[in-house]
Amino acid sequence: MILMDVSGSMLWDPRNGVIGPDGIRRFHNQPANLELVRHLMHRCLNHMVPRAQREHAKQYGIPTVTFSSRATFVGQMSASQFDHDWHNKIRPNLGGGTQVMMGWQKVKNTYFEQVHKATGHGFFHNIFGWQPTPGMPKLSLLVFLDGEAMDMDEFELELMGESWAFVTICLVGYENCPHHHSHAMELERVARYNPHVGFYDVQGRALERYAVEQVLKSVYPVDPPTYQEIVDPRFEIYN
């Protein structure tokens with residue numbers, strides 16, 4: 001699955017200038033975080049969908065949840081119809097505050113409901129919500145966010161105890177952003193001591209192909225895409 005930040009902070013364009021804590025407006029030669037994620041997500045889907053189809057032949061995309069001040073399960077995002085899916089599934093949800101825990105809970109509920117329906121695994125506790133059962137298939141989750149979430153600390157603590165999911169976090173942000181640096185250090189610490197959590201920091205003007213290669217090495221540690229697959233010109237977005 002994919003969990004994606006679509007809050008208002010993802011729409012900020014650093015090329016228009018960002019006012020720092022000292023009151024000085026600084027300009028950054030890099031696109032808005034949302035544009036960077038759009039490119040990264042398109043590249044990732046071209047590798048993720050074929051791998052998902054090995055186990056689920058009828059699957060045409062990757063189940064995706066967006067979050068801001070609300071969370072929405074938008075269905076499957078496909079590589080072959082990416083522009084259509086982006087326009088109809090992602091764009092209508094843009095804007096709002098940033099509450100990553102709402103997205104996390106939506107991912108958790110959606111995954112457990114689907115797994116329980118298909119295999120009988122997982123059970124719902126009246127107080128603690130969905131709980132895993134022995135032998136339950138593990139979720140592989142790729143998260144795109146910018147670290148501006150009000151409940152980021154709670155999310156980091158939650159990750160440490162949820163071993164039923166393999167979570168890869170791609171933290172995007174503009175250069176010299178203080179929020180980005182502080183959360184990058186915390187997430188790096190979480191990933192270092194929790195083998196079910198992966199973290200990759202994408203800051204400033206990113207090398208998209210290299211970023212995708214590193215992110216997918218975490219998502220698919222056994223069968224990551226080769227360098228030749230990563231640089232395939234068919235996976236480029238030119239607008």
Side-chain angles (χ1 to χ4, degrees), residues 1-7 10-11 30-68 71-94 100 103-104 106-107 110-111 114-115 118 137-146 165-172 198-202 205-239:
M1 293 183 72
I2 292 175
L3 175 61
M4 179 184 172
D5 186 350
V6 294
S7 62
M10 292 288 286
L11 307 178
Q30 62 188 82
N33 289 335
L34 185 70
E35 279 303 298
L36 174 58
V37 168
R38 184 170 75 95
H39 284 245
L40 295 176
M41 189 173 179
H42 177 262
R43 290 179 182 274
C44 286
L45 285 171
N46 277 282
H47 303 289
M48 296 173 73
V49 173
R51 284 165 171 76
Q53 289 174 336
R54 294 174 188 174
E55 297 184 14
H56 308 282
K58 295 183 179 180
Q59 185 171 331
Y60 65 88
I62 301 298
T64 300
V65 170
T66 63
F67 73 90
S68 54
T72 306
F73 176 63
V74 300
Q76 297 184 38
M77 288 291 294
S78 68
S80 59
Q81 301 184 51
F82 182 77
D83 290 338
H84 175 271
D85 288 347
W86 185 270
H87 181 77
N88 290 282
K89 298 178 180 180
I90 302 300
R91 285 201 171 277
N93 295 305
L94 296 180
V100 64
W104 171 255
K106 175 66 74 172
V107 164
T110 301
Y111 180 71
Q114 292 178 350
V115 168
K138 290 185 180 292
L139 168 66
S140 179
L141 178 68
L142 174 57
V143 183
F144 292 105
L145 79 167
D146 65 0
F166 291 109
V167 182
T168 298
I169 301 170
C170 182
L171 184 70
V172 299
F199 169 65
Y200 188 72
D201 186 8
V202 182
R205 292 187 59 83
L207 298 173
E208 291 179 17
R209 296 173 180 176
Y210 181 74
V212 168
E213 183 180 21
Q214 298 305 309
V215 166
L216 292 182
K217 280 182 180 178
S218 176
V219 178
Y220 303 106
V222 176
D223 180 31
T226 65
Y227 176 76
Q228 287 71 26
E229 292 178 293
I230 294 290
V231 300
D232 191 321
R234 294 177 299 170
F235 306 150
E236 301 285 347
I237 293 182
Y238 295 102
N239 58 355

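For the numbers below, each heavy atom of this structure counts, side chains included, while hydrogens, waters and symmetry mates do not. Starting from 1, each residue takes its place in the sequence as its number.
Every side chain to side chain contact (heavy atoms under 4.5 Å, CB included) that N46 has, sequence neighbours left out, goes to H42, A79, F235. Taking the side chain to side chain contact (heavy atoms under 4.5 Å, CB included) definition, one finds that H84 meets it with Q81, N88, sequence neighbours left out. The side chain to side chain donor-acceptor pair (under 3.5 Å) check on R209 picks up E236, with sequence neighbours excluded. Looking at residues two or more places apart in sequence or on another chain, you find a side chain to side chain contact (heavy atoms under 4.5 Å, CB included) between S80 and S78. Remark: D201 engages no residue in a salt bridge (charged side-chain N to carboxylate O under 4.0 Å, His left out) (not counting sequence neighbours). By the salt bridge (charged side-chain N to carboxylate O under 4.0 Å, His left out) test, K106 is found to be paired with no residue, residues two or more places apart in sequence or in another chain being considered. Under the side chain to side chain donor-acceptor pair (under 3.5 Å) criterion, D5 pairs with S7, not counting sequence neighbours. Partners of Q114 under the side chain to side chain contact (heavy atoms under 4.5 Å, CB included) rule, at least two apart in sequence or in another chain, are F73, T110.
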Would you list the atom pairs, donor with acceptor, under 3.5 Å between side chains in residues 213-220 and any protein atom, with sequence neighbours excluded?
unit_1 : atom_1 : unit_2 : atom_2 : d
S218   : OG     : T168   : OG1    : 2.8

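Counting only heavy atoms from C-beta outward, the side chains of L171 and V202 never approach each other to under 4.5 Å. Residues F199 and V143 form no side-chain contact, since every pair of their non-hydrogen atoms from C-beta on lies 4.5 Å or further apart. Side-chain contact between D85 and V74 is absent, with no heavy-atom pair separated by less than 4.5 Å. When side chains are defined from C-beta on, L3 does not count as touching L142, because their heavy atoms never get closer than 4.5 Å. Inter-residue side-chain proximity for L139 and F166 is flagged as unmet; no heavy-atom pair is nearer than 4.5 Å. M41 is listed as a side-chain neighbour of I2, based on a closest heavy-atom distance under 4.5 Å.
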Verdict with supporting geometry, D232 and H47, side-chain contact (heavy atoms from CB on, under 4.5 Å): CA-CA 11 Å; D232 191 321; H47 303 289; 6.0 Å; no

Test M77 against V49 for side-chain contact (heavy atoms from CB on, under 4.5 Å), laying out the working first. CA-CA 9 Å; M77 288 291 294; V49 173; over 6 Å; no

Between V65 and W104, does a side-chain contact (heavy atoms from CB on, under 4.5 Å) hold up when you go through it step by step? CA-CA 9 Å; V65 170; W104 171 255; over 6 Å; no

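The two atoms that bring M10 and A32 nearest to each other are O-CB, 3.8 Å, heavy atoms only. Taking each heavy atom of Q76 and K89 in turn, the nearest pair found is O-NZ, 2.6 Å. Closest of all the heavy-atom pairs between F144 and C44 is CZ-SG, 4.4 Å. Heavy-atom minimum distance, G103 versus F67: CA-CB, 3.7 Å.
Taken from OG1 in T72 to CG in N93, the straight-line distance is 4.0 Å, to the nearest 0.5 Å.
The list of side-chain hydrogen bond (donor to acceptor under 3.5 Å, both in side chains) pairs with a residue in residues 54-68, not counting sequence neighbours, reads R54-D223.
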